[in-house]
Amino acid sequence: MDGKSEGIGRQNSSSPFIFSTLSTTTQRKWKKAGFVSTEDISMQTYYDDAETFRLFRVASTVIGVSVDQLWEWYGDFLVTYACETGWEKMLTCMAGNLQEFLDNLNAMHYFIDQIAFKSEMKGPTFKCDPQISVVERTQERRKSGMVDHVIFSISPDDQHKAGQRLAHKFRKERNNIDIIIEEDESVSPAPPITLRDFNRIFPYHICFNKQMVVEHVGVFLLNEYNLADKKALKLTDIVQLIQPTDVQLTFKNIMTYLNTLFIFQLKVQSKRNEEELAKKAGILNQPLSLKGQMMMLSGGNSIIFLASPHATSVRDILNVNLFISDMPMHDATRDLIMLNQSRMCQMELNKRLEETSKKMKGCAEELEKRKTQTDHLLFQFVPQQIAEALRQHRPIEAQTFNESTVLVSDLPDFLSICFNTSPTELITLLTDIFHRFDRLIHLYKASSNILTSNSSISLQVYKVVSLMDSYLVVGGVPTSRPDHTESILNLALGMILEARQVTVPNLDLPVRLRIGIMIGPVVAGVVSERKPRFCVLGDTVLTAKQIGTYCDAGKILVGNAVRTAVTKSLKSIFVFTSKGYVDTGVHKTLTHYLEKNEQKSAWDIIDREKAPEQSIDGYKELHSKEGAPQWEAITMEAQKQQEVIDAMKVGLTQKNKALARLLSIREWRFRSNRSNDSGISIDSNRENPQSSVCSIS
């Protein structure tokens, strides 16, 4: 087959991405191509060719092939993709040979771009001429600028030289058909059709000669646009060329693009539009556009434009003030409009469904975020498993834990700090300290056994309450664990060291903490429904608090039961020094100071890197006496000031009033003179007995 196929290519002002071939690229590679991820690519958006070319360049680098090879792969994929998505039958039935297939590509591109998808894509323009074997690539100047003009020479390979589906074979058949038609015309009488009948059958046609003078038009154009009385009317006087773009409206150019779909837009308004113009006070309808095919007549002396209204939806015909009844029944445009209108409604529904799906996805993500925030707040008041039970409206009954470890801490220098700092500074200081304690508690989730790379200490404990300078933590509750005592002791060491990292404003002294720890049975439960709080009750809590009052600043004092428990199970990995017996109100308790964990450094316990000038294990810093003399002097001065205030009882500042009130609450809630059961203290001056533990929880 000798033939020429000219592809007049133009830069697609917008082309869609089919990015399946790059689905294996990583996030980093997508960023290199100008995209954060595949989620940034929307199927509803058409991208400039520059972005497509950049994506292919990056993909070729990643895959390790040339850009040309990648385009070849893309072409193979595109054919497969078109067949798999339902276009195979349409491509098969377009033509019986390659030349006719290329002749009809322009119409197919127009249908896909402007009708099927209503997109802004612009496909290449093709025209085919027989028996030309010249191959060249040039540039032509058009209305929009320079465009590529590519001429392809297409010949059969060895497999098809036998004559299967060859263009020259079809040309011979076509020439034979032309000869038969000519012979039939010589012997057959003229068809019984007049020009008036032809104009009525094709109401939108236009016939013109080489001089572009209109010879006759369809009856609709003749009547609606008052063309009957106009003589020597040129085609360019009544229409302007819309498609193909960048082509001058001349007889020669039309002959060149006979295989191309043409679209004309009328320059004049119809009668009905002029009437509507008067009714609507100057609002003008859109001019009518005609879409159709150019056919050569009289051996090339004339051309007839067989056309129909260029409309694909009901909105289109309403915009030009046209009706479906204005189109002949044999015109497929009627069916196209109604079918396409149904399809557009479905596309609009799909678009809304996609938008709704995106909104629902966003709402789901926001809901999950809010749920996480709510859970975080709820877990501040109750343990996770209890929170889940509350969420499912299951009753929460109080539970007895036969063995648990309770830690109570406070600041022995709290009164001195209050006298030397402003309320704002005091709150900031306590916030910093408690945030550090919370970090230690939540360093490892209670439900996870995965440890960080910098530590192997698992602090499976639960914070019950923090009030003023006091902090209450329990181990083995609400989930029983065999190593709850070890966790509490490690936490205590970490709290002492973390507190020393905080400096008191105005005094420039490290914070000193004291901690009391006791092991024993407790009762735990949830109080209140609207604002649930997790409470831990029992004599063990009260004993731990009382032990803490006998503890020196910067020290950890534990009951003998605590030392016995860890010594049995852990073979003395913790080091203790004896303090002696202390009076806890009900009985005397043997106590010991916790010094260190011999298997873990203090830096491992708090999960922090040590500074170069600090000790290797961190226990030197933990037991440092730095600032102790200054604290003693400041404490004595603060006590003198308090005695003066108590003696005067008048002229108290607002800050001291608030401080006195808080101190009284603290003393009432944490202290009791006697206990008639496990954790219930009775004040003889009050009508109703109160639980000293429950009131702080």
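Just so you know, these numbers come straight off a predicted model, no measurement behind them.
Ion pair K610/D617 not flagged as a salt bridge, since none of the NZ, NE, NH1 or NH2 atoms sits closer than 4.0 Å to an Asp/Glu carboxylate oxygen.
Nearest heavy atoms, R563 versus F576: CG-CD1, 3.7 Å. Residues F574 and L493 come closest through the heavy atom pair CE2-CD1, 4.4 Å. The two residues P521 and T540 come nearest to each other via the heavy atoms O-OG1, 2.9 Å.
In this structure, E397 places its CD atom where only 12 or fewer heavy-atom neighbours from other residues, nucleotides or ligands lie under 6.0 Å away. Heavy atoms of other residues, nucleotides or ligands lying less than 6.0 angstrom from CG of L353 number more than 12. Within 6.0 Å of atom CD in E626, 12 or fewer heavy atoms from other residues, nucleotides or ligands are found, so the atom counts as exposed in its surroundings.
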### Message
I'd like to know whether D604 forms a side chain to side chain donor-acceptor pair (under 3.5 Å) with S601, so could you lay out the CA-CA distance, the side-chain angles of the two residues, the decisive distance to 0.1 Å, and finally the verdict.
### Response
CA-CA 5 Å; D604 289 336; S601 69; 3.2 Å; yes
### Message
Assess the residue pair I488 and V461 against the criterion (side-chain contact (heavy atoms from CB on, under 4.5 Å)); give the C-alpha distance rounded to whole Å, side-chain angles, the decisive distance to 0.1 Å, and a yes or no.
### Response
CA-CA 7 Å; I488 288 293; V461 296; 3.5 Å; yes
### Task
Would you sort out whether N597 and Y619 count as a side chain to side chain donor-acceptor pair (under 3.5 Å), showing the intermediate values?
CA-CA 9 Å; N597 182 333; Y619 290 107; 5.3 Å; no
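Remark: E355 pairs with no residue by the salt bridge (charged side-chain N to carboxylate O under 4.0 Å, His left out) rule, at least two apart or across chains. A search for salt bridge (charged side-chain N to carboxylate O under 4.0 Å, His left out) contacts involving K371 returns D375, not counting sequence neighbours. Shown here are the salt bridge (charged side-chain N to carboxylate O under 4.0 Å, His left out) partners of E368, two or more places apart in sequence or in another chain: there are none. S409 pairs by the side-chain hydrogen bond (donor to acceptor under 3.5 Å, both in side chains) definition with nothing, not counting sequence neighbours. Qualifying salt bridge (charged side-chain N to carboxylate O under 4.0 Å, His left out) partners for D432, counting only residues two or more places apart in sequence or in other chains: R436. Scored by the side-chain hydrogen bond (donor to acceptor under 3.5 Å, both in side chains) test, T584 finds no partners at all (sequence neighbours excluded).
Distance check: Q639 CD to Q641 CD gives 11.0 Å after rounding to the nearest 0.5 Å.
Note that K555 lies in the cation-pi zone of Y593, set by a 6.0 Å cut-off to the ring centre and a 45° limit from the axis.
Here Y471 and F434 bring their ring centres to under 6.0 angstrom of each other.
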